[in-house]
Amino acid sequence: EGDEAVAEITIGSSDPVPDLTPGRQSNAFGVLMSVFSPLTFLDVDGELSYVAAESVASDDQLTWTITLRDGWTFHDGTPVTAQDYVDSWNTVAYGPNAFENSGQLASIAGYSDLNPSKGDPETDELSGLSVVDDRTFTVTLDEPDSQFPSQLSQAQTAFYPMPQSAFGDLAAYGELPIGNGPFALSAAWAEGEPLVAERYAEYAGDEPSLDRITWVPYTDRLTAYNDVLAGNIDLVRLPANRMTQVADDFDAEHVYSFEGPAISYLSFPFWDERFDDVRVRQAISMAIDRDAINDALFGALNVPATAWTPSIMPGNPDGICGEYCELDPEEARALLEEAGGFEGQLTIHFPGGSGQDDLFNAIANSLRQNLGIDAIAQPSVGWAEFSEDRNNEVLDGPFFARWGALYPSQQSTLRAVFTGAGCTNCGGALLPEVAEALNTADASRGADGQAYADAQQLIADEFPIVPLFEESYNFVTSDRIAQLTTSAIGEPVLTDVVLAEN
Amino acid sequence: MLRYLSRRLLELVIVFFGVTFVIYCAVFLLPGDPIAALGGDRPLPEHVQEQLRTRYGLDLPIWQQYVNYLQGMLRGDLGTTFTGQSVSEQMASRWPTTITLALTAWVIMVVTSVALGLVAGLRRGSVLDRSVLLGTIVAESVPVFVMGITAQYVFGMMLGWAPIAGVGDGWPRAYLLPALVIAVYGVSGVSRLMRGSVVDTMQSDFVRTLDAKGLPRRSIVGVHVMRNAAAPTINVLAIQLGSLLGGTVVVEAIFNINGVGQLLYRAIQDQEGTLVVGVATTLVLIFLVTNVIVDVLSSVLDPRIRHD
Amino acid sequence: MSERLLEIDGLSVGFRSPDGGLVPAVDGVSLDVRDGEIVAIVGESGSGKSVTAMSVLGLLPKNAEVTGSIRLRGEELLASGRTQHDVRGRRIAIIFQDPFGALDPVFTVGFQIREVVRTHFPELSARDRRRRVIELLAAVELRDPAQRARSYPHQLSGGQAQRVMIAMALACGPEILIADEPTTALDVTVQREILDLLIRVRERDGMGMLLITHDMGVVADVADRVVVMRDGRFEETQTVDRLFANPEAAYTQQLLESVPRLDAAERRSSAGDEPALEIDDLTVEYRRGLRSVTAVAGASLTVARGEVVAIVGESGSGKSTIGKAITGLAPVRSGAIVVDGLDVARLRTRQAMALKQRIGIVFQNPMGALDPRWTMAASIGEPLRIHRSLRGRHLEARTAELLDAVGLARQCASRYPHELSGGQRQRVAIARALALDPVLLIADEPTSALDVSVQSTVLELFRTLQAELRFACLFISHDLAVVDSLADRIVVMSDARIVEQGARRQILLDPREDYTRRLLNAAPVPDPDQQRQRRQQRAAA
Amino acid sequence: MTEPATVAVADSFGRATTRGLWAALRSRPQFWVSVVLLVLLAVVAALPGPVAMLFGESDPRACDLLASNQPPGAGHPFGTDVQGCDVLANVLFGTRTSLFIGLATTAMSLAIAITLGTLAGYLGGWVDALIARGADVVLGFPFLLGAIIVLNTAPDRSPLVLSAVLAFFSWPTFARLIRSSVKEVREREFVQASHALGLSPSRVVLTHILPNSLASTLAIAATMVGGVIGAEATLTFLGVGLVPPSISWGVQLSTAQSYFQLAPHTVLFPSIFLTVTVISLIMLGDNLRDALDPRGRT
Ligand SMILES: Nc1ncnc2c1ncn2[C@@H]1O[C@H](COP(=O)(O)OP(=O)(O)OP(=O)(O)O)[C@@H](O)[C@H]1O
Ligand SMILES: Nc1ncnc2c1ncn2[C@@H]1O[C@H](COP(=O)(O)OP(=O)(O)OP(=O)(O)O)[C@@H](O)[C@H]1O
Ligand SMILES: [Mg+2]
Ligand SMILES: [Mg+2]
């Protein structure tokens, strides 16, 4: 080690990382966002800034011209070129590669050619991409989309560039990705071993505050939590079953509760006519004591939802749910009464083994007590059974739904939840009029999200699904970390970590 | 003996194929679609799923998949997971940890339960006997999660005697605490069993003879009582060892130990067929082998027991 | 030869029963044994002989209440809290009545003797210990002692197990040896050798001995003084000559009268012609590890209906094995066994079960043959309940009848095996075997643990029943006098083979084989004078 | 002999193994303690409502989230759990299910084990091989995998189904124990004697071999009851456990685990009930065992 102390932190990461290729990873955002730099960046207020891109511009929201900044290199020293981006995106989108994140590129023209429903694709290049020069390329979309620059932001890792050396051996690259970001991995990923990233000296972007980051994998985040408590590691995501406990264990300044782009819902089986009446759905929403649940189960760290998208989204219509998202037992009963009451047992379904028993039991208790109906919460045997039963429409009561967006635009959430585009657990309340409104909003030029908020009014009227909580992304740190900042996706920004002085 | 062993070997081979097939089918029977689940909240594009299904042969009929698997296995290839990792590598990286942990826990369990069972049996009805009973049962009534976290908190965090997580400190420092927690949950049963056998043996006529021959108590107990009580006890101990090698999911999770238990647990949840079959088959093999050993050992320990 | 070695003074023992009652077993007995003296205790089965012996070493079960005084060279054993630990084994050794129960089933006999040697002679090297064990086993006349040392108890015959016990007792070189029926399971030749050995040890070390036996011949042969016991009390204590010459107590007289004598008198046989049992060229082999032991080699014999055939012979020669083979309990290698016209090997399970109902068997080891969890009444009643479907009153009546027949008090009916004396158990076993009026009775040393008076009762019963029911009987015994009084024909076995068989008188009066002659010569006679003479002759030879 | 006839002869006929059993049991305080405790538990299991009434709260599902995780105090002698439900009422109402699962699982498991273990030990040969290898397979088969498949296909996740699953995976331990002691007892002379008496093999097994082979199995069967009640908690934790409105100690424990530092009473009380149950069962078992063994009776 040099004269100066190395500025480093150790992070407890959960879940093993199967593959670190940006187009494949799904649970190593922290690592990827350190090793790569995105084209654009959305800060906690939803402000868009450019990182690797100098500009992302379009006149018609259909064809976008991306200009890269000069002087950027990959960790292997090769310059980052427009061709690298185009090659990377082609690789991610190429059907036979079967990259998990390829869906993020689905709006680019030619995507369907690379992913024919039958047989092998005839081409391996997206027709919507074309290189203009070393630092410029254009992207043509299938439909106009004003949110495209947001989609290029930090959590949409499928848009990250890969160097030419990657394409020869993608498997090897997946273990030791070479990126364009502020940190470079010093060794390949190995099962159960810590992953270390060192500051990349030639990095052309803003200088990070740290020299080294180490991710230590934990099978149970609770263990990592205890290790932070003991001072062995510096940062970890707060495990759900410690939300009530954390205030006792940590000083307030070491607990961070970041607003995130995720939201949980209680969805309805639209195949069950008992829930056809909108008043039944509203009554159920009104009978849930979100505040008490938040206090008792989440240590008041989450935020009761008041709209169908989390408030971090630009232009979010906070409070649009109105009285229906607030507890009012009398009103709820009256509403249910009006709708003709409720027959039989109300069974709330949720995936078992996912640690959500308390939440859904509390909801069931709320409904039982406040609506006077016989409500119970029933876990399934794991996720698989849950999704199977939901997809086969055999669930006979309200059920768990949630969505965590990767870029903070109402678009992401609303599309996922109400148009069925690319969401597994959104509950499937498909509203054609919302889809239409979204198309209009996508094409509009306004960046303030007002057009999407208008779409939410349609949802409020229809009330197809009950918003429950905006999920905060909570973190605890050791004494070594003095300040943690976040971005629009609720994750701590690792380049900006402020260490305590000592 | 040779014939006996070769017959057992043959059985082993038959069971091996039966088991791999049964487990293969079982994984197949699990609800849900492992490929669809790969994407988590965000479903993979349909064609990506198709590609993956073809790649992992999931579109083939089950028997075909099984045959392919067997063929691979004969070539020493245990297949890969849906995320492309080699099953044998995964197992290779985890078995040593699990074996170390399991053996440590097992030894602790054997020593304590045999010792406790012995004293309890020799002093039947005494305060000591009752305290052993009460102590072991009370300890076992505490849920393992609570026990694990508390032990971690007290010994890891407050006293700093053991690391909180991982096995980076090596044996024994990193393994003792989790092993201890695991061991707690086997002691009451085995010590009861031991106690019963001791009581039985102490009542038998030959112990009276040994007494009459002036044999010191310690050799009566240490040699005769122990060996007579050993035959039933090793049966249970062997099964315990097997289950420990199967991993203890909760303790492994609490102490962040990358063991087979966690691997298997996740593999089942993710429906990673090849991984489940790989791990489970290894486990069945372990049981088969330990039970051969137990059978041989018990007929050595008690020559009246014949294994024909 | 006058030092008082062991003094028992006013010893009383009672057993506490679960409901609080006290069952007396020994009632105020007093006795002493001097250096080098052999005191024999004879008497009724169940009279408290074993209990007396066991109380000397404090080995009675917990529910026993002992009062009185027992002193070893003046040192009180009963009161001293140090539970005679330094006394046990080293100074007093004991040979138990039930040799099988007394050996740890999971260790080789060699190990068990070695262990005793090590405890008492820690200075010996492992090699010397091993050698000592072999010496001891050889001294008790076991063939191939080195190999015997590697056997487990269940691989031994009754007599072999008993000899192992004797070797173990002698291993410690005790000051006094308490021997509870040490030679009952031994054939007379081996018995003689063992008795000679004991006498030699006595002469060499001045060892005192308390010998419990039913065999008046043995008493006459070795005892210096004799105690006659009955009902927990001593009837009389006499020097051996006086006792045989003029017994005082009425019971003693009765006892002596009951002693069977080997006179080979003429007697009518009730044997029929059809064979009840035919054994043809039977070979039985036990597998022991990789090697196998031929326990019976090419034995052929026939028992006709109503005939009593006795098997006598060397201990470990395969007598019990033949009995077991008939009921399918021994691994038959070759040969045929035909019972009542049915080939045992060819029977299906159901037929075999039916056949077995017609075979009664009394095992050599009555303790082992009784389920420890069953009361005697239940054990005797079991075949009646199942094969005769007797219930309630009828069952009771028949059981009581059987108990009476073997001379057992009815209280014994409700006891468990461990609560009975050796002879009592044996009688229970006999009663059970007779319960179904068998066609063929296999009786393996059925009277070895019985005192002569009970024995004569049982034998009488035997004869009566046999005359009445005309069952065929294979009677295995070491007691030639008993054999003489019961058998029609005699089969002599030695070393897994039948060496000679023939009519009773022919065998007893005109034996052809050497072995048979030796056997006859070794049989002790209940006459101290005569025994002394024989001993002197042998010494001279 | 002139012994006092303490036991009438007639007394002992027909009763093969029970002479003095009651007398032996009657005099043991431990026996009575365990009987009283088990009777109390049985009463609670049968009538949880009225019993809970005595302590003021008779509805385990009357919960007030605002009073979550309250320590023991007025109105809630055992405090409240995270949902604000009365812990005492829940513990009392959970008794029935938990006892049922514990006892039913153990009983089923023993039934399978005794049957198969005895067959294997007594018959030997290929039957033994088949059963023993089957047991090995069950042992090695991942419990979670089996549980998911069965619970997924079963029409409902009732305590009975759960018990059946648990039993299916737990019999091999017992079976092995029984098998090895049957193998040993089979060779004993009194068994041979019974064969020689012409008793049918099944009778010999049932009346002579089994009673003399079960000691070790029964010694740990009682501890198993506790293990099973605990295992049910783990099942819930893994998502394959009981579902509401079933109330059980296992579900309570599994819920309480997340909050045990904040609200230790939520773990403590169900654990105490669990311990008491297991200890009473073990005490009862020990006393019965001692009393049933004639040598231990005196
Ligand atoms: N543990 C016991 N509990 C109750 N009674 C017992 C116990 N042991 C022995 N007895 C009884 O004590 C009496 C004396 O028994 P003991 O064994 O001394 O007889 P023994 O003289 O050796 O007879 P045998 O010649 O038949 O061996 C018998 O009536 C027997 O039933
Ligand atoms: N289970 C067994 N395994 C091995 N060898 C055995 C077994 N049982 C008996 N033997 C051997 O078979 C031989 C014959 O035994 P058996 O019991 O028939 O003798 P026996 O003539 O009845 O002798 P005794 O008069 O001493 O009772 C002995 O040498 C004995 O050691
Ligand atoms: Mg006796
Ligand atoms: Mg014999």
Side-chain angles (χ1 to χ4, degrees), chain B residues 1-7 121-126 129 194 196-235 294-308, chain C residues 53-54 56-62 83-108 111-113 115-120 122 150-155 164-165 168-169 171-172 174 178 180 287-290 331 367-368 372 417-418:
Chain B
M1 191 51 134
L2 213 67
R3 239 186 58 204
Y4 170 71
L5 283 180
S6 54
R7 208 196 66 209
L122 290 176
R123 304 219 189 298
R124 174 153 79 128
S126 69
D129 180 18
M194 184 74 193
S197 310
V198 169
V199 168
D200 265 0
T201 315
M202 287 305 285
Q203 280 174 349
S204 61
D205 282 350
F206 68 81
V207 167
R208 194 184 59 189
T209 315
L210 296 170
D211 246 345
K213 295 286 169 285
L215 236 61
R217 188 123 188 110
R218 105 186 91 76
S219 78
I220 294 183
V221 171
V223 178
H224 294 268
V225 174
M226 285 292 270
R227 173 132 164 210
N228 274 277
T233 313
I234 56 166
N235 272 292
V294 167
D295 280 352
V296 170
L297 210 60
S298 59
S299 58
V300 168
L301 284 175
D302 188 342
R304 289 168 301 174
I305 297 178
R306 284 184 292 119
H307 291 290
D308 25 35
Chain C
M54 235 119 62
V56 172
L57 280 180
L59 293 171
L60 290 168
K62 282 209 191 76
T83 1
Q84 303 106 338
H85 248 302
D86 48 339
V87 171
R88 287 181 185 167
R90 182 84 222 209
R91 299 182 61 190
I92 309 180
I94 185 163
I95 300 168
F96 285 101
Q97 191 171 3
D98 171 19
F100 281 111
L103 291 169
D104 187 338
V106 306
F107 287 96
T108 60
F111 176 89
Q112 299 189 51
I113 303 175
E115 199 178 28
V116 174
V117 174
R118 184 174 52 224
T119 310
H120 296 293
R150 288 194 295 272
S151 302
Y152 288 95
H154 71 281
Q155 296 171 329
V164 168
M165 285 301 299
M168 210 188 269
C172 352
I178 298 174
D180 196 349
R287 285 240 302 280
R288 192 187 291 156
L290 288 178
M367 178 65 181
H418 73 280

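Letters A, B, ... are given to chains in the order of the sequence lines, protein chains preceding strands, and every chain is numbered from 1.
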Practice problem: Tell me, for C:Ile178 versus chain B, whether the close heavy atoms (under 4.5 Å) come from the side chain, the backbone, both or neither. | Solution: neither
Quiz item: Do side-chain atoms of B:Lys213 reach the backbone of C:Ala171 as a donor and acceptor pair under 3.5 angstrom?
Solution: no
Quiz item: Looking at residues at least two apart in the chain, or sitting in another chain, which of them share a side chain to side chain donor-acceptor pair (under 3.5 Å) with B:Asp129?
Solution: B:Arg195
Exercise. Any chance you could measure B:Ile220, atom CD1, to C:Glu115, atom CD, to the nearest 0.5 Å?
Key: 8.0 Å
Quiz item: Going from CZ on C:Phe96 to CZ on B:Phe206, what distance comes out if it is rounded to the nearest 0.5 angstrom?
Solution: 12.5 Å
Exercise. Nearest 0.5 Å please: distance from the OG1 atom of B:Thr209 over to the CD atom of C:Gln112.
Key: 8.5 Å
Practice problem: Would you mind telling me which of C:Thr119, C:Leu59, C:Asp104 has the largest number of heavy-atom pairs within less than 4.5 Å of chain B? | Solution: C:Asp104
Self-check item: Contacts of residues 221-231 of chain B with chain C (heavy atom under 4.5 Å)
Solution: B:Val223, B:His224, B:Arg227, B:Asn228
Self-check item: Minimum side-chain heavy-atom gap C:Asp98-B:Asp205 below 4.5 Å
Solution: yes
Self-check item: Straight-line distance of C:Met168 CE to B:Leu210 CG, nearest 0.5 Å
Solution: 7.0 Å
Quiz item: Would B:Leu301 and C:Val106 count as a side-chain contact (heavy atoms from CB on, under 4.5 Å) if you check the C-alpha gap in whole Å, the side-chain angles of each, and the deciding distance to 0.1 Å?
Solution: CA-CA 6 Å; B:Leu301 284 175; C:Val106 306; over 6 Å; no
Self-check item: Trace of the side-chain contact (heavy atoms from CB on, under 4.5 Å) decision for B:Arg208 with C:Met54
Solution: CA-CA 10 Å; B:Arg208 194 184 59 189; C:Met54 235 119 62; 3.6 Å; yes
Practice problem: Give the member of C:Pro105, C:Cys172, C:Ala93 that has the highest number of heavy-atom pairs under 4.5 Å with chain B. | Solution: C:Pro105
